[in-house]
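Every heavy atom of this structure was used, including side-chain atoms; hydrogens, water molecules and symmetry mates were not. Proteins get letters first, then strands, A, B, ... in listed order; numbering begins at 1 in each.
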Number of protein chains: 2
Amino acid sequence: MTTARTPTGAAPTRGRRAGRSTGDDRETAILATAERLLAERPFADISIDDLARGAGISRPTFYFYFPSKDAVLLTLLDRVTEEADAAAGDVFERLAEDPRAHWRELIARFHATFGGHRDVVLACAQVRGTNAEVRRLWAEVLERWVRAVQAAIEAERARGAAPDGLPARDLAIALNSMNERVWYATFAGDGPAVAERDVVDVLLDVWLTAIYRTTTPPVTTSGGTP
Amino acid sequence: MTTARTPTGAAPTRGRRAGRSTGDDRETAILATAERLLAERPFADISIDDLARGAGISRPTFYFYFPSKDAVLLTLLDRVTEEADAAAGDVFERLAEDPRAHWRELIARFHATFGGHRDVVLACAQVRGTNAEVRRLWAEVLERWVRAVQAAIEAERARGAAPDGLPARDLAIALNSMNERVWYATFAGDGPAVAERDVVDVLLDVWLTAIYRTTTPPVTTSGGTP
DNA sequence: GACCGCAGTCAACACCATGTCGAGTCGAAT
DNA sequence: ATTCGACTCGACATGGTGTTGACTGCGGTC
């Protein structure tokens, strides 16, 4: 097996086993090396030895800090998803003020976050196929976003801005999935992809038409139909 | 490197090196073994030895038939995409007759094809991250479908059934990407996914609203706006 | 009917990455 | 000064991949 050895149940820190001292910089050195190497070649082509040497330690010592190569990536992914979660901010609460502007803001922020760490995101997408731990973490993150979007759609329907239709959860899943795949193609640059400069607007358009049946949804107006 | 060794330029058959004789059944035995094993465990957990033994030959002999494990999967993928291409049939030409029904038919046929070979599709999605050859083939296939959908959207706009909006190509990319990712989640069953029974209708709804701004696009009527 | 060539076969080998073990070093606390 | 635990690495075991070289058997050829 290649899966990470983190004791599945609780994983307070995904990195070192126990206490903390000088080894902290070694840990961050490994992380930094990983991010640097990821910028120049695919994750699969980076060996544990590369990571260790890059951090100035031997291969066995690497195992003192991380249980596997994948665990390093997992730590990197943790950071990115945290940043993405933070980026969402209070956008959802302000949706009714100006739906188009705020949905756009939401998509644009995610785009910026992922784009800022494209190497990590791309690497994760690549190992998700073979690593159950990455798959699990990503599923968890996605589930949070799906729920948030689902709630937003339901709120928009409740205030009469969006028509009924698909179950909000199914719609949220479809839209989030689309974003994920489209971003992946855009960042990876292989296969048909939307130009990076246009991608936010393309995604936004599909979101708006799917949710509101129009690209210019009605602003505020707390009542029912005008 | 783990990439397939097919002489990149022209690859008439992806399998055996040269002539043909009794070894034909060995080749198909390998393919059959791969498909069988794929049904019970992930591609990464299948060794070349497993494939060879399953086909009743030794590991070195495997290399007589295929240059690598990935090449076997590639051959399997070839079949599936061929079947999917065939499944599209003449649906595109009949779109105007009844857009909703025909778009649905199109999505449903792809769903049936992929669902019928989910193990292969899933395995491909998993190695796409690490294998350039699979990535290239998939990109090629996707490009064909994107072009077809793009043309269909443009035709619907030309006959006045669909409003202008996003560049048809960008829209086609986004919609195809969505389908791919949503199917993957549904078949893999990890992470947020649409129930298999609903997935066609969910996708259809997003396609229709994105293309027509309504889930009930106008039938035939060769003229402009009614 | 001896000879060639070639599809087909495999034991044995070279290689490389992963993960583990046991024997250390060194600084802080007792 | 001794002990303890954080930290380190040389050396090894394991397991998968890809290659080599020798062998078999069969269809054609002079």
(request) Taking side chain to side chain contact (heavy atoms under 4.5 Å, CB included) as the test, write out the residues that go with Glu82(A), two or more places apart. (result) none
(message) Output the rounded distance in Å from CZ (Phe66(B)) to P (dG8(C)).
(response) 13 Å
(message) Quick one: does any side-chain atom of Thr61(B) pair with a main-chain N or O of Ile57(B) as donor and acceptor, under 3.5 Å?
(response) no
(message) Just the rounded figure in Å: distance from P of dG16(D) to NZ of Lys69(B).
(response) 10 Å
(request) Would you mind listing every side-chain hydrogen bond (donor to acceptor under 3.5 Å, both in side chains) that reaches into residues 199-210 of chain A, with sequence neighbours excluded? (result) Arg104(A)-Asp201(A), Asn179(A)-Trp207(A)
(message) Under the rule for salt bridge (Lys or Arg N to Asp or Glu O under 4.0 Å), what residues qualify as partners of Glu180(A), not counting sequence neighbours?
(response) Arg128(A), Arg181(B)
(request) Return the set of residues passing side chain to side chain contact (heavy atoms under 4.5 Å, CB included) with Gln126(A) (not counting sequence neighbours), or none when no residue passes. (result) Pro42(A), Tyr184(A)
(request) Select one nucleotide: of dG8(C), dC10(C), dT17(D), the one nearest the side-chain heavy atoms of Tyr65(B). (result) dG8(C)
(message) Ignoring hydrogens and geometry beyond distance, is a side-chain donor-acceptor pair present between Ser47(A) and Asp50(A) at under 3.5 Å?
(response) yes
(request) Measure the acute angle between the ring planes of Trp145(B) and Phe110(B), then classify it against the limits of 30° and 60° as parallel, tilted or perpendicular. (result) perpendicular
(message) Can you list, in residue-number order, the parts of residues 29-39 of chain B that come under 4.0 Å of DNA chain D, counting heavy atoms only?
(response) none
(request) Could you list by number each residue of residues 46-54 of chain A showing a heavy-atom separation from DNA chain C of less than 4.0 Å, or answer none if no residue does? (result) Ser47(A), Ile48(A)
(message) Test of understanding: with side chain to side chain contact (heavy atoms under 4.5 Å, CB included), list the residues that count as partners of Glu83(B), not counting sequence neighbours.
(response) Thr113(B), His117(B)
(request) Please list, chain by chain and in numerical order, all residues satisfying salt bridge (Lys or Arg N to Asp or Glu O under 4.0 Å) with Asp85(A), sequence neighbours excluded. (result) Arg144(A)
(request) Could you tell me the separation between the CZ atom of Phe64(A) and the C1' atom of dC7(D), rounded to a whole number of Å? (result) 5 Å
Are there any protein N/O atoms within less than 3.5 Å of an N/O atom in nucleotides 23-27 of chain C, and if so, which ones and at what distance?
none

(message) Between Lys69(A) (side chain only) and Leu51(A) (backbone N and O only), is there a donor and an acceptor less than 3.5 Å apart?
(response) no
(message) Could you walk me through whether Arg169(B) and Glu143(B) satisfy the salt bridge (Lys or Arg N to Asp or Glu O under 4.0 Å) test, starting with their C-alpha distance in whole Å, then the side-chain angles of each, then the deciding distance to 0.1 Å, before giving a yes or no?
(response) CA-CA 10 Å; Arg169(B) 179 174 167 85; Glu143(B) 176 66 30; 3.1 Å; yes
(message) Please confirm whether the shortest side-chain N or O distance from Thr61(A) to OP1 or OP2 of dC9(D) is below 4.0 Å.
(response) yes
(message) Holding to side chain to side chain contact (heavy atoms under 4.5 Å, CB included), I want the full list of residues that pass it with Asp198(A), two or more places apart in sequence or in another chain.
(response) Val194(A), Ala195(A), Val202(A), Asp170(B)
(request) Take atom CZ of Phe62(A) and atom C1' of dA17(C), then tell me their distance rounded to the nearest Å. (result) 13 Å
Detail all sub-3.5 Å separations between protein N/O atoms and N/O atoms belonging to nucleotides 10-13 of chain D.
none

(request) Grab the CG-C1' distance between Asp45(A) and dA17(C) for me, whole Å please. (result) 13 Å
(request) Give the nucleotide from the list dC10(C), dA6(D), dG19(C) with an atom nearest to the side chain of Ser68(A). (result) dG19(C)
(message) Taking salt bridge (charged side-chain N to carboxylate O under 4.0 Å, His left out) as the cut-off, I'd like each qualifying pair that reaches into residues 110-127 of chain A, sequence neighbours left out, listed once.
(response) Arg118(A)-Glu196(A)
